[in-house]
Every structure is written in structure tokens, then in C-alpha cells.
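What follows is one structure encoded as C-alpha cells, with my remarks underneath.
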Amino acid sequence: MPVHFSYKKAVSKDAYFYLVEPDDWRACYQAGGRFLPALSEGEAGALVKRYQDILERWRSVNKDNTLFLSTPFSAGNTWQSSFFQGMESFERLQKLMSSVENSAEVVFIDPSWFLYAQKICEVCEVDSADVRKAKRDSYGLLHHVKMVYRAIRFFLSRTGLFPANKSDDMALQWLCASIWMPRAVAVWNKERRDPFWGNLPQQLAGGGQQAAVIFYLEQSADAAIHNGHPPAAFNMIDCLSFWNVLTSLWGILTFRYKCPEGEYPVSIVHSDIMSGIQAQLPLTLIAYHACRNVLKKNVQANALHLYEGNCWEAGCIAAARDLGRKTIGFQHTAIMPSGLKQDGGSDYKIYPDAVLSSGKNASAILKNIMHHDCVLDGCDLRRQNTEDVRYAESNEGRLLVLLQGSPSDYGVLQVIERYIAPDYGQKIYVRMHPLQPIGQETLSDIFVIDEHKTLTQALLEAEVVLHSGTTAVFEALLSGRPAVYIDTGQAMSSDPLFDMPDNPVTRHWKAGEDFGNILAAVRNLSQDDREQDFQLVRNYIRGYFVPADVNAVDGVIRTLSGYSKNDT
């Protein structure tokens, strides 16, 4: 038989890899497995349209189920939901089967997609032992119980059975919901600065609009939060009550949803949804109860939250809606074609009343994809520096890879290792994303983890940066470093520069193309052309991420002051 299907947890170097679960990317990189053939632009467009139609039917029959609408599957979060990845892999699998001449092995890790593929592709050779094992893993009651158990364990590990409810009346006008890493605690205690909202809570208070930050801490931190003077900051788990814990546990245990007819086998969607609730549903419930408790005590307060289409945001919005309050989401990161969770084209998604953008160029993109046009021009609240950091010197030949903190980072590294490294002949430096660090022991010898303390220092020594979807590429361009997007062949691009006008210092490379030609083209730019190109890029970025100087922040404060629900 030309194609042999295997269901197992490891993949050989010569096997094709059926990518579904996030961990598959790492396994594929470590084993050196091969990617399935890429789709054409037309094939990819048709796939995305079909995926959106399927999602909309599932949302429509569950439109009154807030918890279902808060799952990664329903949100269209393709980073945390494996369903789209499975659909894309299946389309690429069929393309392989129509073109392969010699025998080939395709390795599946997800049991549901393995069973579906072997049922549809009956011409393939399948080991009966693999089928029995996949049925046991996919359909067994134990699988469902295991997912619910993990969700409950995650929730209790973050909250405890007896949390301390600190949701006091602070006469707030705004509650700013945020996500913190441990180091944010020290920054807040010293500067009262939030990693996403910047100094906005302070500046709101200075203008007579009392604000507080309510945050979810992604990792444990021993440092205490000092709230001796406003604005205050509160951990979400400290704003829960014992009753909130009980009702949340009951919600996880009794989580149910309806299934529309005429879709993919229910087991595939069920597996995806259950996998997604392990962490996302608990976070949604934590955000919901914490925000609701604070808003209930502060009767004049409305909610500001980060807007990226993530599940926990739905908890903030639902809490505000329950109390008749307004919600404004802050678009704090770059918008990418692959970010379907930010796509506002659905009638059955949980949206904020308005979205505050990072600048006019970002607003223009949002207005094209949002379901309603209530997009407010804002600024990049994290960035107060109005001067672009630029360096004349660079370390010629030094490539710096900027990772985005997604499991697909492993796919990017694999493509670079296979297609770029052999001809490049030098070490390639890798800048980790703080949310998903990768150890040097995980990488091959051609990669070196960049150890500079700051991104600015790392960019100082780079000649060209390679990226696959990270806001750090904007900093690279502002620093005068050409940027090359690494296209691994996925159906949807993660290039945050997709809306930027074509420019010689922002390049697009597809796997298999000659990278040397791109590098040579960048190096051969004259000084005048280079300066002119970077000036155009800087102008675009200044309109996309507007620096949070005094005038820009004053404009945001006026926008928030004048915003009313009747304007939506």
C-alpha cells in the first residue's frame, strides 16, 4: 500500500506527521518528521471558509451557553483548539495520498482524527492494534473523566477551597483586567505599572476616574502586592468566595453542549472541546466571578479588559453584562490573518461593547473584521518612548529568530534547520518568548539561545531577524533591522506585517525557496534606499502602535470618559 497509517506517540525521521495537538509540533521537531504537503492559496481559502461555517453552526445551537462560547473551539482560537489543525492536516493528507508514488507512513497522535482518517481513506493500510487502541483512547468514559478531573485540579491549584474575598468597595469607575507574569509584581510595587495597561490606571486616577487592576497571575509568585496608595491591584483568586468555588466546580462537572447535525464525527469535536476546557474553562470562571464580585461592590465601575479573543475575556464580559455594565477591550497585540479568535464575523460570539485599538492603522484592520464597527482609536499603552531605537552597526551575518510563544515555534525552527541552516553555515540565534521558553537541550546544535537581558540588546547585534508572528518584529524594524517572515506552509499566515505595504526590508520566505537570494537582496540595498524604506516602515508602525506619550494617553482618557453604551 502506498500510505500506512500509525497511531502512536512517537514519529520516525522519515514519516509524515499529522499535526493536531500542540505537543505534536515538539515531537515532530525532535524526531525530524516531515510535514504534509502545503495547500495552495485557493485550497487554503476554501478550508478556512468551511471551518468558519462549521463553527457558526456549532455556535448557533449553543448560543445561550456561555461556557460553551468560552471554549477555545467556539472562540476560533486556533492556537489552543486542535480542530482547525486537524482539518488542515486532513486536507494536506489527501493531497499527499494523491501524489505519493512510493510507500509512506503517516503518524497520528490524536485518536479521533486517526479513526476518522482510516475510515474515510479505506485504501490505506492500518494496523488493527492501532485501531483498537485509538477506539479505547477516544471513546472510553475514562477519557471524559480524565479531562474533567484535570480541569478541576487546575482550578483548585489556582484558587484553593477557601479563598479570601477582597472585593471591597473602592469607589471605582474602571476595573482593568490583566494577565501578569511573576516579574510584573515587582514592577507594580515599584512603579504602579501594568505590563499591558502601562500607567493608564494611575493616569485615570489623576483625572478623577478611580481605577484598579485585577490580574490573573500565570505562574506562582511569593512577592506580596503593595496597595498602600492608589491605584490598587488585586489577584483574581483573592476576589473569589467559597460559594464561587463551589459553583465553578459544579459548572465544570456539569458542562454540556448541543451538537448540530451534518458535521464531522462528534468524537473529534468532543475531544477538542474537552481538551480545551482543562485550563481555559477554569480561567473563564475565575475571571467571571472575580470581576463580578468587584463590579458588584463598585456600582459605578465599568470594565476594561485585554482584547485578543481569548477565553478568559469572555468571563470578564459576561460578568459586566450580568450587572448591566459596559466593557471595552484593549487590542494590545498585533492582528494576524491566523487570529480567527479576533474575527468578529459571528452572530454568536461574546464581544465587548467596544474595542480600543493600539492606533489608527490597527483600527482600520479591526473595522474590516469586527462584527460591529465600534472601534476606538487608542495607543500602545505599554510603550511611552516616542523615539525609534536605531543602530548603524550590526553583526554581519548574524540571524536572530524571534519566536511568538506558540507550539508552532517548533515547526518554524524545523523549517529553518532543514532549508536555511545547511547553506547558511553559521550558528543561528533564537530569542525565546517569555510565555513559552525552550531549553537549549531541546534544540539542535545549529541553534543558540540568545541570552541578552533585553530585546533591544539582542537586536543590536543582529543583521536580519526571522519571525513567524510576533509583535517583537515591530521593534526589530524600528531598530533598523530587516525582517523575514518564515512561511512553514500553514493554511493561514501568522505574519503581523500582512497589512504593511510591500517593502524591500520586510521579506516573505517560503520553505524550499533560496534564502540566500533574500539575504543578498537585503545586503545589496544602497544606504539611501535602505533609509527610505525604513522611513516608510517606521511611519506605518507609528500609526499601528502609537507611542503612549502624554497627548496620546490623554486622548484615550477622553475617549473612555465620553464613551457610552448608546454609542455602540
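- Classified by interplanar angle (parallel below 30°, tilted 30° to 60°, perpendicular above 60°), the ring pair Phe515/Trp509 is perpendicular.
- Taking 4.0 Å as the cut-off between side-chain N and carboxylate O, Arg398 and Asp450 count as a salt-bridged pair.
- What you find for Ala287 and Trp312 is that their closest heavy atoms are CB-O, 3.5 Å.
- For the pair Met274/Val148, a side-chain contact is recorded, criterion being any heavy-atom separation below 4.5 Å from C-beta on.
- The shortest non-hydrogen separation linking Arg418 to Gly32 is NH2-O, 3.1 Å.
- Here the two rings, on Phe35 and Tyr16, have centers that are 6.0 Å apart or farther.
- Using a 4.5 Å heavy-atom threshold, the side chains of Thr471 and Gln404 count as separate.
- Ion pairing between a basic and an acidic side chain is recognised when a charged N comes within 4.0 Å of a carboxylate O; Arg158 and Glu218 show no such pairing.
- In this structure, Asp53 pairs ionically with Lys49, as a charged nitrogen and a carboxylate oxygen lie closer than 4.0 Å.
- Here the options are Leu466, Ile428, Leu443, the test is side chain to side chain contact (heavy atoms under 4.5 Å, CB included), and the partner is Leu413; only Leu443 passes.
- Val20 is not listed as a side-chain neighbour of Phe83, based on a closest heavy-atom distance of 4.5 Å or more.
- The pair Glu91-Lys95 fails the salt-bridge criterion, with no side-chain N (NZ, NE, NH1 or NH2) lying under 4.0 Å from an Asp/Glu carboxylate O.
- Side-chain contact between Asn310 and Asn77 is present, with heavy atoms from C-beta onward closer than 4.5 Å.
- Aromatic ring centres of Phe84 and Tyr51: separated by under 6.0 Å.
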Exercise for review: Check step by step if salt bridge (charged side-chain N to carboxylate O under 4.0 Å, His left out) holds for Arg132 and Asp127.
Suggested key: CA-CA 9 Å; Arg132 289 194 299 272; Asp127 193 314; 6.0 Å; no
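- Asp409 places a side-chain N or O within 3.5 Å of a backbone atom of Gly405 that can act as its donor or acceptor partner.
- Under the 6.0 Å cut-off for aromatic ring centres, Phe330 and Tyr307 do not qualify, their centroids lying 6.0 Å or more apart.
- A donor-acceptor pair under 3.5 Å is absent between the side-chain atoms of Tyr348 and the main chain of Ser74, judged by distance alone.
- Summarising the local packing, NZ of Lys510 is surrounded by 12 or fewer heavy atoms from other residues, nucleotides or ligands at distances under 6.0 Å.
- Ser248 and His289 make their closest contact through OG-CD2, 3.1 Å (heavy atoms, listed as atom of the first residue, atom of the second, distance).
- Of the charged side-chain nitrogens involved, at least one lies within less than 4.0 Å of a carboxylate oxygen, so that Arg292 and Asp322 count as a salt-bridged pair.
- When side chains are defined from C-beta on, Arg431 does not count as touching Leu403, because their heavy atoms never get closer than 4.5 Å.
- Checked against a 6.0 Å centroid threshold, the rings of Phe90 and Tyr116 count as neighbours.
- For the pair Glu56 and Arg59, the salt-bridge criterion is met [side-chain N within less than 4.0 Å of a carboxylate O].
- The shortest distance between side-chain heavy atoms of Trp25 and Gln85 falls below 4.5 Å.
- Between Glu261 and Arg57 there is no salt bridge, since no side-chain nitrogen of the basic residue lies less than 4.0 Å from a carboxylate oxygen of the acidic one.
- Residues Trp113 and Met87 have side chains in contact (heavy-atom distance under 4.5 Å, counting atoms from C-beta outward).
- In this structure a side-chain-to-backbone donor-acceptor pair under 3.5 Å is present from Asn368 to Ala364.
- Applying the side chain to side chain contact (heavy atoms under 4.5 Å, CB included) test to Tyr149 and every residue at least two apart in sequence or in another chain returns Arg153.
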